[in-house]
Amino acid sequence: MADVTSTWTEPSNTATALLLLGRGSDPASERGVDCPGELPAPSDPNLVARATAAKAALGDRVFVLGHHYQRDEVIQFADVTGDSFKLAQQAAARPDAEFIVFCGVHFMAESADILTTPAQQVILPDLAAGCSMADMAVLGQVQTAWEHFEDLGIAGETVPVTYMNSSADIKGFVGRNEGVVCTSSNAKRALDWSFEQGSKVFFLPDQHLGRNTAVLEMGFDLDDCVLYDPHKPQGGLTDEQLRNARMILWRGHCSVHGRFTLDSVNDVRERVPGVNVLVHPECRHDVVQAADYVGSTEYIIKALDAAPAGSAWAVGTELNLVRRMALAHPDKQIMFLDKTVCYCSTMNRIDLPHLVWTLEELVAGRVPNVITVDEETAKHARVALDQMLALP
Ligand code: 13P
Ligand code: SF4
């Protein structure tokens, strides 16, 4: 048992582990995105020196943002690390940087493009770094749902709220319909604001963040929430269910946080007496209910930093972050909540070779992988993002 609770063990260096780390590719199941030019080999012993030199050559022209779920090899080059909310704020606060290199996923880079000036360029080192949750809400589906709400006469009292983890199209839809973006750091504040504007919320795309915030932080009943399934006619809901609901939750979820189960919580409590269970609100409702603490990645970091020496923590969030926290706090027992390896494969697509390639291309005067949101979408999405940044 001691090895489970007190010692961090790296995943073994097998072909499977390498694939899980995103270093390999399965052509049958993964979208391939070729980088123009020469992508350095992962085995190149000079990668750190090359990234350091390229970043130094670019100086203040480049600003590197790193989400907490990024690999250590990448995070060491971030000028700022943070959760989605902090990174959105930081992107907006750097008007002088010519290039924002976003080490995160596609929807984050889109938000950064919307929040930065037209003279700035936002770059995603690997264009295949998407997000399965964001992909679960497609604009056409969302518009179909909204038209149904209009036909039912409930659209006027419904405020659309989208989690940051959604495409710019969806944020644009929300802005056009006087809603707000939220992140896991400010979901309650966004919902408080929304229920001052209307009597219902249409929450996209993460059902779990919506349900967990409404029920556990705002005192709603589970019965106040209904689940809109875009793959069923009229969301699989009756008119009466939609009329009575306070929270209409989109059927989307995070494939990483969705892996944690009530069994994982019960199991760790049995194995490690006195363990504190700390999870992200993207986890399923029963997991969050069974946990001792729940919060965004920034909250998780602060909780672990402040924990007393000798305390034990089972953490339900992405593995790069949990692993980094375990290594930073050897005096605390910090372990992953699940027994199996659980990286976010799309976050992991940004690796050191892609970062080196990006920075060296910039030094050479070429700007790769620019993320651009069209003006019309950006205008409306910005309304919803600004509303989030202005939340009390
Ligand atoms: P936060 O960064 O808002 O905690 O969200 C976690 C996440 O899943 C990002 O993709
Ligand atoms: Fe998307 Fe989940 Fe990965 Fe975040 S952790 S990028 S929500 S799949």
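In each ligand, atom 1 is the first atom listed, and ligand 1 is the first ligand listed.
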Residue-level breakdown please: for [X] versus ligand 1, do any non-hydrogen atoms fall below 4.0 Å on the side chain, on the backbone, on both, or on neither?
X	value
M108	side chain
M133	neither
Y69	side chain
E298	neither
V105	neither
E318	neither
Y163	side chain

Starting from [atom], what is the nearest protein heavy atom, named by residue and atom, and what distance separates them?
atom	value
atom 1 (Fe) of ligand 2	C131 SG, 2.4 Å
atom 3 (O) of ligand 1	S184 OG, 2.8 Å
atom 8 (S) of ligand 2	S132 OG, 3.6 Å
atom 2 (O) of ligand 1	H67 NE2, 2.7 Å

Answer yes or no: is there an ion pair linking [X] with [Y], defined by an N-O contact shorter than 4.0 Å?
X	Y	answer
R246	D224	no
E376	K379	yes
D79	K55	yes

Item to complete: Answer with side chain, backbone, both or neither: which part of E282 has a heavy atom less than 4.0 angstrom from an atom of ligand 2?
Response: side chain
Practice prompt. For a side chain to side chain donor-acceptor pair (under 3.5 Å) with Y69, tell me which candidate from T346, T317, D83 qualifies.
Written response: T317
Within ligand 1, which atoms have a heavy atom of [X] less than 4.0 Å away?
X	value
N165	7 (C), 8 (O), 9 (C), 10 (O)
D83	1 (P), 2 (O), 4 (O)
M347	10 (O)
T297	1 (P), 2 (O), 4 (O)
E282	5 (O), 6 (C), 7 (C), 8 (O)

Discussion item. Restricting to N/O/S atoms, is H257 within less than 2.8 Å of atom 2 (Fe) of ligand 2 or not?
Written reply: no
Worksheet item: Side chains of N165 and D206: donor-acceptor distance under 3.5 Å anywhere?
Response: no
Backbone N/O of [Y] and side chain of [X]: donor-acceptor pair under 3.5 Å:
X	Y	value
Q241	T238	yes
D44	N46	yes
R324	H68	yes

Worksheet item: Of all the atoms in ligand 2, which lie at a distance below 4.0 Å from a heavy atom belonging to N165?
Response: 7 (S)
